[in-house]
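Just so we're on the same page: letters track the sequence lines, and every chain starts at 1.
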Amino acid sequence: MKEVEVFDLFEKIEIPLTKVLAKMELEGIALDVEMLQNYSTQLTSELQLLENKIHQLADEEFNISSPKQMGEILFEKLELSKKPKKTKSGQYSTSEETLLKLKDTHPIIDEILTFRGVKKLLSTYVDALPELVNTETKRIHTTFNQSVASTGRLSSVNPNIQNIPIRTKRGMKVREAFIPKDKNYTLMAADYSQIELRIMASLSKDEGMLTAFNNGVDIHSATAAKVFKVDVKDVDRNMRSQAKSVNFGIIYGISAFGLSQNIGVSRTEAKEIIDNYFEQFPKVKEYMDWSIEQAREKEYVETIMGRRRYLKDINARNGMIRAMAERNAINAPIQGSAADIIKIAMINVQQEMEQREMKSKMLLQVHDELVFDMHNSESSELKTLVKEKMVQAVSLQVPLIVDIGEGLNWLEAH
DNA sequence: GTAATCACG
DNA sequence: ACGTACGTGATTACA
């Protein structure tokens, strides 16, 4: 019986999606190569200055890009930590997380962090992207993998268009390099607001969560008010920020350790927060337990469209392996259902655009976002159509909200 | 080839 | 007692 659902998923979603993806890949997206080349010159000289400064501060020349050499400088020569954190293989950890904790011990740390950021930007994006512009089309053509991610998400390679920087000032400049086809077009981006938490609300049917979404309130503030037992108007920035982490944790299959690491409190305090959360959102807890129970019985969990993730480790004797599978049992239906929803939307949007013979084109998918080359004559028509198809892709216990933006580059469209 | 790091949702 | 937040891909160093 249930196999019918998996076949429907295949026939009604994955197969029709192949053509949509093929068209997006063939269409490609325009890149402002000249801008990136200028930016490269600027970043390269910044990088040179940083390199000199770091070598000067270390009083030694070494390869800053070698974590091994970096560890030896920081922890053997400069002795910045009494008991340096090690990686799995016994090397000194020099990850951003580790370095941030050493920020105040030596001025070299800040320079290293900046160096790392600039180097990453240059090698992965600023210098790499222009190389991938197709000589015939003059556009960037990614490849979307439809059968890589175990949750049902797409992935993107060559280049990975789903991890273009946005969080830092320097990174934003890279987004600015993704531009419309020509002067008759504008880039338009449409993204689902809090889709995974809405799915959690809908699947768990937790009253508190449903009420929050059905009343259109800020979910992280609403969560903070409940968890910290204060009035919404008394939620401060720190409380909201912690609640946001809790909400992320809920989607990931929360653990006291993970939360404590994320927000920098003790495990005891983290456990306290989680206990309060489950007290305030009891059906979320019930749903999470139910998901794990389903996994134990069937050795798989499923999304709203019946997509399965098999979890052979769910009954493992090794507690750590088992705990991992339990988090997967909670996360996969959430992340996977979000993937189902945007895939349905993509098929319906593409179908409608073709039927209307529109000039606009769907270009990219970034998990909860779709990006379009929008022909200026179709501006309001396209935005209305896309919003409608995305919002109506499926019917949940809460509304799906889609935010739309547009501009002369991908950054502005956000 | 693998480990470490870091970019995104 | 142990060691963990979920899902990806690209780059670099190094055995």
Side-chain angles (χ1 to χ4, degrees), chain A residues 62-71 85-100 112-113 115-129 131-132 142-145 147-168 170-172 174-175 189 191-197 200 245-263 267 270 274 301 309 318-336 338-339 342 364-370 410 414:
Chain A
F62 68 102
N63 186 347
I64 307 169
S65 297
S66 164
K68 186 165 173 285
Q69 294 180 40
M70 165 89 70
K85 194 181 164 212
K86 300 279 187 70
T87 66
K88 263 199 253 323
S89 65
Q91 262 192 66
Y92 296 118
S93 166
T94 69
S95 67
E96 182 175 12
E97 191 197 340
T98 306
L99 296 186
L100 282 174
I112 291 170
L113 287 168
F115 178 94
R116 284 251 181 94
V118 172
K119 177 88 200 249
K120 181 84 173 182
L121 227 49
L122 266 175
S123 58
T124 309
Y125 305 102
V126 179
D127 287 338
L129 288 171
E131 298 291 318
L132 289 165
T142 188
T143 299
F144 288 108
N145 286 316
S147 52
V148 167
S150 45
T151 54
R153 272 189 174 186
L154 299 178
S155 80
S156 157
V157 293
N158 230 310
N160 180 352
I161 205 77
Q162 296 180 320
N163 73 345
I164 301 301
I166 192 166
R167 292 172 190 169
T168 67
R170 281 192 185 88
M172 288 181 192
V174 176
R175 283 226 168 195
D191 65 284
Y192 282 113
S193 164
Q194 305 292 355
I195 187 166
E196 292 185 339
L197 283 174
M200 177 57 95
S245 289
V246 172
N247 279 330
F248 271 103
I250 290 303
I251 288 163
Y252 294 157
I254 203 159
S255 71
F257 183 88
L259 182 65
S260 71
Q261 290 292 296
N262 191 282
I263 63 178
R267 233 164 52 252
I274 293 170
V301 289
R309 176 164 182 177
N318 181 325
M320 205 177 69
I321 306 261
R322 192 175 59 245
M324 170 75 138
E326 290 174 356
R327 291 195 298 274
N328 290 155
I330 293 161
N331 174 261
I334 304 293
Q335 192 179 114
I342 196 166
L364 308 174
Q365 188 250 47
V366 191
H367 309 307
D368 62 359
E369 170 188 14
L370 298 175
W410 193 5
H414 221 89

message: What's the closest nucleotide to the side chain of Val366(A) if the choices are dG9(B), dA7(B), dC6(C)?
response: dG9(B)
Polar contact flag, side-chain donor to acceptor under 3.5 angstrom, Thr143(A)-Asn158(A): no
field: Steps toward side-chain contact (heavy atoms from CB on, under 4.5 Å) verdict (Glu369(A), His414(A))
entry: CA-CA 10 Å; Glu369(A) 170 188 14; His414(A) 221 89; 3.4 Å; yes
field: Pairwise P distance, dT4(C) and dT5(B) [rounded to whole Å]
entry: 14 Å
query: How about Thr87(A) and Ser93(A): does a side-chain donor come under 3.5 Å of a side-chain acceptor?
result: no
task: Step by step, work out the side-chain contact (heavy atoms from CB on, under 4.5 Å) result for Leu100(A) and Leu113(A).
output: CA-CA 8 Å; Leu100(A) 282 174; Leu113(A) 287 168; 3.8 Å; yes
task: Determine the contact category for Asn262(A): base if any of its heavy atoms lies under 4.0 Å from a base atom, sugar-phosphate if only primed atoms, P, OP1 or OP2 are that close, otherwise nothing.
output: base
Separation of dA3(B) P from Gln91(A) CD (nearest whole Å): 11 Å
message: Rounding to an integer number of angstrom, what distance separates dC6(B) and dG3(C) when you compare their P atoms?
response: 22 Å
- request: In whole angstrom, give the distance that lies between atom NZ of Lys85(A) and atom C1' of dA4(B).
  value: 12 Å
Enumerate all atom pairs, one protein N or O and one N or O from nucleotides 1-4 of chain C, separated by less than 3.5 Å.
from, atom 1, to, atom 2, distance (Å)
dT4(C), O2, Arg327(A), NH1, 3.3

message: With a 3.5 Å distance limit and no angle check, can you tell me whether Arg327(A) reaches the backbone of Ile254(A) through a side-chain donor-acceptor pair?
response: no
field: Watson-Crick/G-U partner (both atom distances under 3.5 Å) of dC14(C)
entry: dG1(B)
query: Looking across every strand, which nucleic acid part, if any, lies under 4.0 Å from Gly253(A) by heavy atom: base, sugar-phosphate, or nothing?
result: nothing
- prompt: dG9(B) P sits how many Å from Asp368(A) CG, rounded?
  reply: 8 Å
message: Any base atoms under 4.0 Å from Ile166(A), or only sugar-phosphate, or nothing? Heavy atoms, all strands.
response: sugar-phosphate
- request: Ignoring backbone atoms, establish whether Thr87(A) has a side-chain N or O less than 4.0 Å from OP1 or OP2 of dA4(B).
  value: yes
task: Identify whether any heavy atom of Glu96(A) sits under 4.0 Å from a base atom; if not, whether one sits that close to sugar-phosphate; answer base, sugar-phosphate or nothing.
output: sugar-phosphate
- request: Go through dA5(C), dG7(C), dT5(B) for me and flag the one nearest to the Asn331(A) side chain.
  value: dG7(C)
query: Base, backbone or nothing for each nucleotide of nucleotides 8-15 of chain C, written B, S, -, heavy atoms under 4.0 angstrom, 5' to 3'?
result: SSBSSSS-
- request: For Met172(A) and dA7(B), give me the distance from atom CE to atom C1', rounded to whole Å.
  value: 14 Å
field: Touch class at under 4.0 angstrom, heavy-atom based, for Ser245(A) against every strand present
entry: base
query: Can you check the Leu259(A) CG to dA5(C) P distance for me, whole Å?
result: 13 Å
- line: With the side chain defined as heavy atoms from C-beta on, Arg175(A) is closest, among dC8(B), dA5(C), dG7(C), to dC8(B)
query: Closer than 4.0 Å, any side-chain N/O of Arg167(A) to the OP1 or OP2 of dC8(B)?
result: yes
query: Is there a donor in the side chain of Ser65(A) and an acceptor in the side chain of Lys119(A), or the other way round, less than 3.5 Å apart?
result: yes
query: Does a donor on one side chain sit under 3.5 Å from an acceptor on the other, for Arg116(A) and Thr94(A)?
result: yes
- line: Taken in chain and number order and not counting sequence neighbours, the residues that satisfy ring pair (Phe, Tyr, Trp, His ring centres under 6.0 Å) with Tyr92(A) are Phe75(A)
For atom CD of Glu97(A) and atom P of dA5(C), their distance in whole Å: 9 Å
query: Rounded to whole angstroms, how far apart are CD1 on Ile112(A) and P on dA4(B)?
result: 18 Å
- request: May I have the step-by-step check of side-chain contact (heavy atoms from CB on, under 4.5 Å) for Trp410(A) and Leu364(A), ending in yes or no?
  value: CA-CA 11 Å; Trp410(A) 193 5; Leu364(A) 308 174; 3.8 Å; yes
message: Quick check against the 3.5 Å criterion: does Asn331(A) have a side-chain atom that pairs as donor or acceptor with the backbone of Ile251(A)?
response: yes
message: Need one value for Ile164(A): base, sugar-phosphate or nothing, where a base atom within 4.0 Å counts as base even if backbone is also close, heavy atoms only.
response: sugar-phosphate
- request: Return no unless some side-chain N or O of Ser89(A) is found under 4.0 Å from OP1 or OP2 of dA4(B).
  value: yes
- line: Whole-Å distance, Asn328(A) CG to dC6(C) P, equals 7 Å
task: Taking atom types as modelled, find out whether Ser156(A) and Gln162(A) have a side-chain donor-acceptor pair closer than 3.5 angstrom.
output: no
